[in-house]
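Numbering starts at 1 and runs along the sequence shown. Predicted model, so just to flag it, every value in this text is computed and none were measured.
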Amino acid sequence: MYQLLFSGWLAGMLLAMIAGPLGSFIIWRRISSFGDTLSHSSLLGIACAILFNIHPFYIVLIIILFFGVFVHWIEYHSALSLDTILGIIGYSSLSLGMMIMSVVSSTQKERFTNYLFGNLLEVTVPDLIFIFFSCIIVLLIILKYWNNMLLVTINSDLAKIDGINVYKINFILMFLIALTISIAIKFIGSLIIISLLLIPSATTQFFSSSPEKMAIFSIFIGMISITGGVILSTFFHFPVSPSVVLFSTGIFLISHIKR
């Protein structure tokens with residue numbers, strides 16, 4: 001029991017370390033709909049994996065990364081706004097996923113439901129090792145491109161003048177967000193994964209005097225939310241992922257009352 005709790009809690013701590021900085025960029029750039037689109041697209045991946053009896057995690061990873069890259073490409077080759085593109089892709093993939101699910105058996109549909117909400121307490125040792133190395137890679141990429149991603153976020157024209165490849169930096173950021181969602185979706189769930197990215201960063205944006213402090217504070221708020229959610233789930237037998245989200249929302253509301 002305690003080993004399951006510790007593994008789930010540790011996985012949550014690792015995910016919070018990458019969700020904090022990436023969530024800050026989502027807040028600064030006002031692209032929360034991008035995360036929603038990817039999480040909706042993941043349902044298509046889960047449906048395909050269940051239909052063809054393939055491990056869902058890897059199919060979801062491939063499809064989310066594909067949609068992340070596709071959104072990034074079409075944004076630069078279409079006159080449509082990003083919100084419109086995201087809406088078309090998100091709801092189309094969601095509809096296709098639901099159509100595929102309509103032809104599978106009721107037993108397979110139960111697996112689909114598990115991926116909608118995830119479960120941190122089902123983390124195994126191989127899962128933990130995978131999450132650890134994936135998070136380290138994402139963190140190293142963030143640290144390497146932090147200054148460039150920040151400058152492009154603040155003023156892309158100024159970044160171009162400084163010789164920064166804005167297209168490349170935007171691609172890297174979107175790729176990291178897509179990768180993070182893919183890593184976390186099995187444990188957090190496709191319906192609420194984006195909340196782990198958004199709520200801690202939204203909580204800290206009014207209390208941080210610099211971008212770096214906001215990213216660090218977001219990590220801490222994410223870790224506190226994971227810990228609180230796991231405790232709520234353990235003592236009151238609530239589902240883990242919704243407990244984490246509601247605990248995080250509670251911190252958000254309290255922080256705004258104090259503000």
Side-chain angles (χ1 to χ4, degrees), residues 15-42 61 63-93 134-184 193-219 221-222:
L15 293 172
M17 288 178 65
I18 57 176
L22 292 176
S24 299
F25 278 108
I26 291 176
I27 294 291
W28 294 329
R29 293 187 171 211
R30 302 177 186 274
I31 55 170
S32 59
S33 53
F34 176 70
D36 285 334
T37 298
L38 294 186
S39 63
H40 289 161
S41 302
S42 69
L61 176 65
I63 286 187
I64 285 186
L65 289 179
F66 168 76
F67 276 113
V69 173
F70 181 66
V71 167
H72 181 66
W73 176 82
I74 201 170
E75 183 186 4
Y76 281 87
H77 296 83
S78 172
L80 295 173
S81 68
L82 181 60
D83 278 346
T84 303
I85 295 169
L86 292 174
I88 294 171
I89 293 174
Y91 290 111
S92 298
S93 57
S134 299
C135 290
I136 292 296
I137 291 171
V138 172
L139 270 180
L140 289 176
I141 296 174
I142 291 173
L143 289 173
K144 180 178 180 180
Y145 292 102
W146 174 264
N147 289 332
N148 288 348
M149 288 194 291
L150 198 57
L151 184 55
V152 170
T153 300
I154 295 171
N155 191 323
S156 60
D157 292 331
L158 183 60
K160 287 178 183 176
I161 295 172
D162 278 359
I164 296 173
N165 187 335
V166 174
Y167 185 92
K168 174 186 171 184
I169 295 300
N170 286 336
F171 174 83
I172 291 172
L173 182 59
M174 286 196 176
F175 180 84
L176 291 178
I177 294 171
L179 183 60
T180 299
I181 292 175
S182 303
I183 295 168
I193 174 57
I194 193 64
S195 63
L196 185 66
L197 288 161
L198 287 180
I199 299 176
S201 299
T203 303
T204 60
Q205 64 176 325
F206 297 113
F207 301 93
S208 307
S209 56
S210 69
E212 289 78 13
K213 286 183 179 178
M214 179 172 164
I216 293 171
F217 290 161
S218 297
I219 292 173
I221 294 295

Of the non-hydrogen atoms in Gly23 and Ser201, which two are nearest, and what is the gap between them? C-OG, 3.1 Å
Please walk me through it: do Thr180 and Leu196 pass side-chain contact (heavy atoms from CB on, under 4.5 Å)? CA-CA 11 Å; Thr180 299; Leu196 185 66; over 6 Å; no
Looking only at heavy atoms, what is the nearest atom pair of Ser195 and Pro200, with distance? O-CD, 3.6 Å
Side-chain polar contacts of residues 169-179 - donor-acceptor pairs under 3.5 angstrom, sequence neighbours left out - could you list them?
| residue | atom | partner | partner atom | Å |
| --- | --- | --- | --- | --- |
| Asn170 | OD1 | Arg29 | NH1 | 2.7 |
| Asn170 | OD1 | Arg29 | NH2 | 3.1 |
| Asn170 | ND2 | Tyr76 | OH | 2.8 |
| Asn170 | ND2 | Val166 | O | 3.4 |

Minimum heavy-atom distance Ile219-Ala16, with the two atoms named: CG1-O, 3.8 Å
Tabulate below the donor-acceptor pairs under 3.5 Å that side-chain atoms of residues 134-147 make, not counting sequence neighbours, or state none.
| residue | atom | partner | partner atom | Å |
| --- | --- | --- | --- | --- |
| Ser134 | OG | Phe130 | O | 2.7 |
| Trp146 | NE1 | Glu212 | OE2 | 3.0 |

Taking it one step at a time, do Thr153 and Phe25 satisfy side-chain contact (heavy atoms from CB on, under 4.5 Å)? CA-CA 8 Å; Thr153 300; Phe25 278 108; 3.5 Å; yes
Nearest non-hydrogen partners of Ile89 and Ser41, listed with the distance: CG2-OG, 4.3 Å
Please report the interatomic distance CD1(Ile199) to CD1(Ile194), rounded to the nearest 0.5 Å. 10.0 Å
Parallel under 30°, tilted from 30 to 60°, perpendicular over 60°: which one fits the rings of Phe70 and Trp73? parallel
Donor-acceptor contacts under 3.5 Å from residues 154-162 side chains, at least two apart:
| residue | atom | partner | partner atom | Å |
| --- | --- | --- | --- | --- |
| Asn155 | OD1 | Asp157 | N | 3.1 |
| Asn155 | OD1 | Leu158 | N | 3.0 |

Does any non-hydrogen side-chain atom of Asn148 lie less than 4.5 Å from one of Lys168? no
For the student: nearest non-hydrogen atoms of Ala215 and Ser24, plus distance: CA-OG, 3.7 Å
